[in-house]
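We use all heavy atoms of the structure for the numbers below, so side chains are in, but hydrogens, waters and symmetry mates are not. As the structure lists them, so they are numbered: ligands from 1, and atoms in each ligand from 1.
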Amino acid sequence: MNTGFSDELIRRLRAAQRVVVLTGAGISAESGVPTFRAPDGLWSKFKPEELANMEAFLRNPALVWQWYQHRRDILETVKPNPGHETLAEMERHYPDFIIYTQNVDGLHQRAGSRRVAELHGNISRCRCTTCLQIIQEIDRGQDGIPRCPCGGMARPDVVWFGEMLPEGMMEQGYRDVAAADVFMVIGTSGVVYPAASLATLASRSEAYCIEINTEPSALSDAMDAVLIGPSGEVLPALWREVAPQLHF
Ligand code: BJW
Ligand code: ZN
């Protein structure tokens with residue numbers, strides 16, 4: 001099959017020992033998880049900046065919880081797609097392989113990926129806004145806002161705008177990128193920082209930088225190879241060329 005992948009791209013992926021991947025909402029799109037910035041999304045009348053922040057939550061916790069509960073309901077009905085599955089397979093092949101994901105959906109882990117750093121938290125967990133503890137037993141409350149046993153309002157354990165990412169995770173990411181032979185950025189618009197800075201750092205490092213996206217992103221110009229198409233199709237096709245012995 002002539003897939004149009006360049007020789008350099010295939011050569012770099014075959015020779016690589018250390019691979020770092022940054023994923024965004026696009027990798028889960030083919031599973032049926034809506035992205036954030038698509039013009040026709042169900043929540044397109046809200047920008048993520050308007051819902052994913054503490055001020056919005058304190059102003060209207062019911063609305064913000066409605067958004068998160070809707071997304072949690074979607075996640076109960078979806079499963080990982082061939083894009084997630086290919087990354088899990090790649091991890092088994094490379095001695096050093098790690099995914100930094102902006103996604104909160106847990107689909108990389110469900111596909112079998114083991115080294116996954118969740119830059120923006122996980123939507124399935126809740127944390128108390130008063131005692132700050134992770135809450136195991138949620139009390140739904142009469143107003144529809146989940147509460148902690150301490151009485152405080154629960155919030156999803158995700159990273160909102162203006163909040164710090166999990167301690168030390170970006171620093172580890174910068175170290176991993178600096179040592180990487182190949183860096184891949186998949187399904188992100190590349191407009192949210194500091195996550196996107198992993199890609200800008202990679203573009204200035206020795207790593208060969210590959211992007212997979214259905215359209216050019218804010219990061220495309222800095223990449224060595226830009227593969228336009230759905231990641232659930234491009235990733236398996238690419239991996240079939242890189243490691244044919246694993247497939248045939
Ligand atoms: C496909 C596809 C298919 C579709 N196949 N592809 C530097 C400059 C400017 C601003 C800042 C800066 N540094 C920090 C900031 C501020 C801010 C920020 O980045 N703002 C910009 C938006 C302007 N950042 C922060 O506030 C961060 N914290 C921080 O900086 O702390 C330090 C600090 C704190 C306090 C004081 C001072 C400093 C935190 C950012 C947290 C982002 N949180 C969210 C919500 C998480 C929880 C939740 O899920 O609800 O994270 S917002 C939202 O955007 C979510 C995503 O992870 C994130 C990125 O979105 P993503 O994944 O790229 O999705 P889309 O929809 O944008 O793109 C999808 C892509 O897929 C598209 O390109 C499609 O084409 C593609 N696609 N189908 C392949 N089948
Ligand atoms: Zn509490």
Side-chain angles (χ1 to χ4, degrees), residues 22-41 43-44 46-57 64-65 67-72 74-75 81-84 86 100-106 118-139 146-167 169-170 184-200 211-220 226-236:
L22 171 65
T23 62
I27 193 151
S28 297
E30 288 151 271
S31 293
V33 182
T35 62
F36 289 93
R37 294 170 181 83
D40 55 349
W43 287 82
S44 56
F46 295 103
K47 295 195 174 98
E49 291 79 351
E50 290 166 12
L51 289 176
N53 70 76
M54 192 44 134
E55 292 72 42
F57 180 70
V64 173
W65 259 116
W67 185 47
Y68 280 99
Q69 196 48 52
H70 166 72
R71 292 170 56 197
R72 285 157 71 124
I74 290 176
L75 287 179
N81 69 58
H84 300 106
T86 302
Y100 285 85
T101 189
Q102 299 169 84
N103 300 343
V104 297
D105 58 26
E118 293 179 318
L119 294 167
H120 293 163
N122 192 299
I123 197 172
S124 68
R125 286 191 306 264
C126 285
R127 191 152 46 85
C128 179
T129 52
T130 303
C131 72
L132 308 182
Q133 300 299 305
I134 298 292
I135 309 168
Q136 310 295 349
E137 292 290 324
I138 289 285
D139 175 0
R147 291 196 180 267
C148 175
C150 86
M153 273 197 295
R155 58 164 287 179
D157 189 26
V158 298
V159 180
W160 283 334
F161 286 107
E163 296 182 334
M164 306 296 278
L165 275 58
E167 200 180 341
M169 204 176 271
M170 283 304 299
M184 302 176 82
V185 56
I186 305 170
T188 177
S189 52
V191 297
V192 173
Y193 281 81
S197 65
L198 291 176
T200 50
E211 174 171 60
I212 302 175
N213 200 307
T214 44
E215 57 186 53
S217 76
L219 303 167
S220 302
V226 178
L227 308 178
I228 297 292
S231 48
E233 294 174 23
V234 175
L235 264 169

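Closest heavy-atom approach to atom 49 (O) of ligand 1 among the candidates R71, E233, E215: R71. With distances taken over non-hydrogen atoms, the option nearest atom 54 (O) of ligand 1 out of Q102, R37, H120 is R37. Compare N81, N213, T35 by their heavy atoms: the one nearest to atom 72 (C) of ligand 1 is in N213.
For ligand 1, the atoms sitting less than 4.0 Å from at least one non-hydrogen atom of G187 are 6 (N), 69 (C), 70 (C), 71 (O), numbered in the order shown with element in parentheses. For ligand 1, the atoms closer than 4.0 angstrom to any heavy atom of E49 are 22 (C). Distances below 4.0 Å separate heavy atoms of A29 from the following atoms of ligand 1: 78 (N). The G24 neighbourhood of ligand 1 comprises atoms 62 (O), with distances under 4.0 Å to a heavy atom of that residue. Taking every heavy atom of V158 and a limit of under 4.0 angstrom, the matching atoms of ligand 1 come to 47 (C). Close contacts of ligand 1 with E30, meaning ligand atoms under 4.0 Å from a residue heavy atom, involve 3 (C), 5 (N), 80 (N). Near V104, with a cut-off below 4.0 Å to any heavy atom, the atoms of ligand 1 are 49 (O).
Of the protein's non-hydrogen atoms, the one nearest atom 68 (O) of ligand 1 is S189 N, 3.3 Å. Considering only non-hydrogen protein atoms, atom 33 (C) of ligand 1 sits nearest to M164 SD, 3.8 Å. Protein heavy atom at the shortest distance from atom 5 (N) of ligand 1 is S231 N, 3.0 Å. Atom 56 (C) of ligand 1 has as its closest protein heavy atom F36 CE1, 3.5 Å. The protein atom (non-hydrogen) at minimum distance from atom 34 (C) of ligand 1 is G162 O, 3.1 Å. Nearest protein heavy-atom contact of atom 46 (C) of ligand 1 is V159 O, 3.4 Å. Regarding atom 20 (N) of ligand 1, its nearest protein heavy-atom neighbour is F161 CE2, 3.8 Å.
M170 has its side chain within reach of L198: a pair of non-hydrogen atoms, C-beta onward, lies under 4.5 Å apart. Residues L119 and L22 form a side-chain contact, since some pair of their non-hydrogen atoms from C-beta on lies under 4.5 Å apart. Between S189 and N213, every side-chain heavy-atom pair lies at or beyond the 4.5 Å cut-off.
Going from atom CG of D157 over to atom CD1 of I123 covers 11.0 Å, rounded to the nearest 0.5 Å. Rounding to the nearest 0.5 Å gives a distance of 5.0 Å between OG1 of T200 and OH of Y193.
Between A25 and ligand 1, at least one pair of N/O atoms sits closer than 3.5 Å. Inclusion of Y193 in the set of residues having an N or O under 3.5 Å from an N or O of ligand 1 is warranted. Of the polar atoms of W67, none of the N or O atoms is found under 3.5 Å from an N or O of ligand 1, judged by distance alone. Note: an N/O pair closer than 3.5 Å links Y68 and ligand 1 by distance alone. Looking at I27 next to ligand 1, no N or O pair under 3.5 Å apart turns up.
Here the closest heavy-atom approach between residue G232 and residue E30 is recorded as N-OE1, 2.9 Å. Shortest non-hydrogen contact noted between F57 and A154 is CZ-O, 3.4 Å.
Note that atom 12 (C) of ligand 1 has protein non-hydrogen atoms nearby, at separations under 4.0 angstrom. Distance check on atom 25 (C) of ligand 1: some protein heavy atom falls below the 4.0 Å cut-off. Checking atom 76 (C) of ligand 1 against the protein gives a heavy-atom contact under 4.0 Å. Atom 16 (C) of ligand 1 lies below 4.0 Å from none of the non-hydrogen atoms of the protein. When distances from atom 38 (C) of ligand 1 to the protein are checked, no heavy atom turns up under 4.0 Å.
At a heavy-atom distance under 4.0 Å, only backbone atoms of E163 (N, CA, C or O) approach ligand 1. The backbone of W160, and not its side chain, has at least one atom closer than 4.0 Å to an atom of ligand 1 (non-hydrogen atoms only; backbone = N, CA, C, O). Of all the heavy atoms of P230, the ones lying under 4.0 Å from any atom of ligand 1 are found in both the backbone and the side chain. Proximity of V192 to ligand 1, defined as any heavy-atom pair under 4.0 Å, is shared by backbone and side chain alike. Only the backbone of V191 comes within 4.0 Å of ligand 1, counting heavy atoms alone; no side-chain atom from C-beta on gets that close. At a 4.0 Å heavy-atom cut-off, ligand 1 touches T214 through backbone and side chain alike.
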*Yes or no on side-chain contact (heavy atoms from CB on, under 4.5 Å) for M153 and R147, after CA distance, side-chain angles and deciding distance?*
CA-CA 5 Å; M153 273 197 295; R147 291 196 180 267; 3.6 Å; yes

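Note on the Zn ion (ligand 2): protein N/O/S atoms under 2.8 Å are C128 SG, C131 SG, C148 SG, C150 SG.
The existence of a salt bridge linking E163 and R155 is confirmed by a sub-4.0 Å separation between a basic side-chain nitrogen and an acidic carboxylate oxygen.
The closest approach between P194 and ligand 1 falls below 4.0 Å for a heavy atom of the residue.
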